Colleague: 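Take a look at this one; I'll ask things after.
What you see below is based on every heavy atom in this structure, not just the backbone, and it leaves out hydrogens, waters and symmetry mates. Quantities reported herein were computed from a predicted structural model and do not represent experimental measurements.
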Amino acid sequence: MTTEETVRYAPEHPARLAWAQHAPEVYKAMLRLDTAARQGLDPRLLELVKIRASQLNHCAFCLDMHSKDALAAGESVERIIQLGAWQESKHFYTEKEVAALELTDAVTVLTDGFVPDEVYDQAAKHFEEAELAQLIAAITVINAWNRFGVTCRMVPGHYEAGQHQ
C-alpha cells in the first residue's frame with residue numbers, strides 16, 4: 001500500500017502595490033531605460049549581472065525573472081547557482097565576467113560610499129569605454145528595478161522566460 005503525501009508550501013504573499021499600473025509613465029520610462037542600457041552587452045553577461053544585483057538586494061521577483069532569462073539565453077544552472085558565492089567560485093567565470101561581478105557588487109552595495117578605484121580599474125581593463133558605460137547603466141537599472149520589486153513585494157514564480165524582453 002502506498003501513501004500519498006501532500007506537500008504543503010507556504011502561502012504566496014500578495015504584492016503590496018501594482019506600481020506599474022499606478023505609475024504607467026514611470027514603468028514605460030523604466031522599460032525604455034532598460035532597453036537602452038542593454039545595448040551592446042552580451043545577453044548572458046547581462047543576466048549574470050542582473051541576478052547578482054538581485055541577490056544582493058533580495059529581490060525574489062527579479063531573481064525569478066533573470067534566472068529564467070539566463071537559462072533561456074543558454075546560461076548553465078551551475079553558473080547561476082554559484083553566483084551567490086562567486087568570490088569563492090571565480091573559476092566558473094571568465095576574467096571579464098569576474099570584473100563585471102565585482103563592479104556589480106560595488107555599485108549595488110556602495111559599502112564605502114563609492115566604487116573603489118581597483119574595482120573600476122579592473123572592469124576598465126576588460127571592457128572598452130562604451131561597453132563599460134553600458135554595463136554601469138545596466139547595473140544601475142537593475143538596482144532601480146530591484147527597489148520597485150522589493151518595496152512593492154512583487155511576487156516571484158509567475159514569470160516566463162523572455163516575457164519582458
Colleague: Salt bridge check, Lys90 against Glu95: does any charged N sit closer than 4.0 Å to a carboxylate O?
Modeller: no
Colleague: Same cluster or not: Ile81 versus Met65, using hydrophobic residues (I, L, V, M, F, W, Y) connected whenever any side-chain heavy atoms lie under 4.5 Å apart?
Modeller: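 Different clusters: Ile81 never reaches Met65 through Ile, Leu, Val, Met, Phe, Trp or Tyr contacts under 4.5 Å.
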Colleague: Would you say Phe148 and Val141 are hydrophobically clustered, going by side-chain heavy atoms of ILVMFWY under 4.5 Å?
Modeller: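 Phe148 clusters together with Val141.
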Colleague: Shortest non-hydrogen contact from Ala99 to Gln122?
Modeller: CB-O, 3.9 Å
Colleague: Just jot down the salt bridge (charged side-chain N to carboxylate O under 4.0 Å, His left out) partners of Glu129, sequence neighbours excluded, or say none.
Modeller: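 Residues passing salt bridge (charged side-chain N to carboxylate O under 4.0 Å, His left out) with Glu129: none at all.
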Colleague: For Arg44, what residues pass the salt bridge (charged side-chain N to carboxylate O under 4.0 Å, His left out) criterion, not counting sequence neighbours?
Modeller: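 Counting only residues at least two positions away or on another chain, Arg44 forms a salt bridge (charged side-chain N to carboxylate O under 4.0 Å, His left out) with Glu75.
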Colleague: Specify the closest pair of heavy atoms between Ala106 and Val115, including all atoms of both residues, with the distance to one decimal.
Modeller: CB-CG1, 4.0 Å
Colleague: Under a 3.5 Å distance rule, please check whether Tyr93 uses its side chain to pair with a backbone N or O of Arg79 as donor and acceptor.
Modeller: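 Here the side-chain-to-backbone pair exists.
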Colleague: Is any side-chain heavy atom of Lys50 closer than 4.5 Å to one of Arg38?
Modeller: yes
Colleague: I need the minimum non-hydrogen distance between Leu41 and Ala138, along with the two atoms involved.
Modeller: CD1-CB, 3.8 Å
Colleague: Would one find more than 12 heavy atoms of other residues, nucleotides or ligands at under 6.0 Å from atom CD of Gln87?
Modeller: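 Above 12, so yes.
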Colleague: Look at the side-chain heavy atoms of Ile, Leu, Val, Met, Phe, Trp and Tyr, link any pair under 4.5 Å apart, and say whether Leu132 and Ile139 land in one connected group.
Modeller: yes
Colleague: Do Phe61 and Val155 have side-chain heavy atoms sitting under 4.5 Å apart?
Modeller: no
Colleague: Let me know which of Asn143, Asn146, Asp105, Val107 forms a side chain to side chain contact (heavy atoms under 4.5 Å, CB included) with Leu56.
Modeller: Asp105
Colleague: Are the side chains of Lys68 and Glu160 in touch, meaning some heavy atoms are under 4.5 Å apart?
Modeller: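 Side-chain contact under 4.5 Å: no.
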Colleague: With rounding to the nearest 0.5 Å, note down the distance linking OG1 in Thr94 to CG in Asp42.
Modeller: 9.0 Å
Colleague: Is any side-chain heavy atom of Phe127 closer than 4.5 Å to a side-chain heavy atom of Leu103?
Modeller: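 Sidechains of Leu103 and Phe127: no contact.
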Colleague: List the steps and the verdict of side chain to side chain donor-acceptor pair (under 3.5 Å) for Gln55 and Arg52.
Modeller: CA-CA 5 Å; Gln55 288 174 335; Arg52 181 61 187 150; 3.1 Å; yes
Colleague: As an exercise, state the distance from CG of Leu71 to CD1 of Ile80, rounded to the nearest 0.5 Å.
Modeller: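 Answer for the CG-CD1 pair, Leu71 versus Ile80, is 4.0 Å.
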Colleague: Roughly how far, to the nearest 0.5 Å, is the SG atom of Cys62 from the CE atom of Met154?
Modeller: 6.5 Å
Colleague: Are Lys28 and Arg32 packed together at the side-chain level, in the sense that at least one heavy-atom pair is separated by less than 4.5 angstrom?
Modeller: yes
Colleague: My understanding is that only residues two or more places apart in sequence, or in another chain, count here; which of them pass salt bridge (charged side-chain N to carboxylate O under 4.0 Å, His left out) with Lys96?
Modeller: Glu131
Colleague: Within this structure, what is the CZ-CD distance for the pair Phe92 and Gln82, rounded to the nearest 0.5 Å?
Modeller: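 Here the rounded value is 4.0 Å.
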Colleague: Before giving the answer on side chain to side chain contact (heavy atoms under 4.5 Å, CB included), spell out for Ile142 and Trp145 the whole-Å C-alpha distance, their side-chain angles and the decisive distance to 0.1 Å.
Modeller: CA-CA 5 Å; Ile142 189 57; Trp145 282 121; 4.2 Å; yes
Colleague: Of all heavy-atom pairs between Asp64 and Gly157, which one has the smallest distance, and what is that distance?
Modeller: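 For Asp64 and Gly157, the tightest heavy-atom pair comes out as OD2-N, 2.9 Å.
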Colleague: Tell me whether Gln134 contacts the main-chain N or O of Gly40 through its side chain, where contact means a donor paired with an acceptor under 3.5 Å.
Modeller: no
Colleague: Does any non-hydrogen side-chain atom of Trp86 lie less than 4.5 Å from one of Leu48?
Modeller: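 Sidechains of Trp86 and Leu48: no contact.
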Colleague: Using the rule that Ile, Leu, Val, Met, Phe, Trp and Tyr join whenever any side-chain heavy atoms are under 4.5 Å apart, tell me whether Val98 and Leu45 fall into a single cluster.
Modeller: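 Not linked; separate clusters.
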Colleague: Are the aromatic ring centres of Trp19 and Tyr27 under 6.0 angstrom apart?
Modeller: yes
Colleague: Look up atom CG in Leu83 and atom CD in Glu47, then write down how far apart they are to the nearest 0.5 Å.
Modeller: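 Output value for this atom pair is 11.0 Å.
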Colleague: Might you point out which heavy atoms bring Cys59 and Gly149 nearest each other, and give the distance in Å?
Modeller: SG-CA, 4.0 Å
Colleague: Quick one: do Asp121 and Lys125 make a salt bridge, cutoff under 4.0 Å?
Modeller: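 No.
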Colleague: Measuring from Thr151:OG1 to Arg153:CZ, what's the distance to the nearest 0.5 Å?
Modeller: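 Separation between the atoms: 11.5 Å.
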Colleague: Tell me whether Leu33 is reachable from Ile136 by hopping between hydrophobic residues (I, L, V, M, F, W, Y) whose side-chain heavy atoms are closer than 4.5 Å.
Modeller: no
Colleague: Could you report the tightest heavy-atom contact between Pro116 and Phe114, atom names first, then the distance?
Modeller: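 Looks like CD-O, 3.5 Å.
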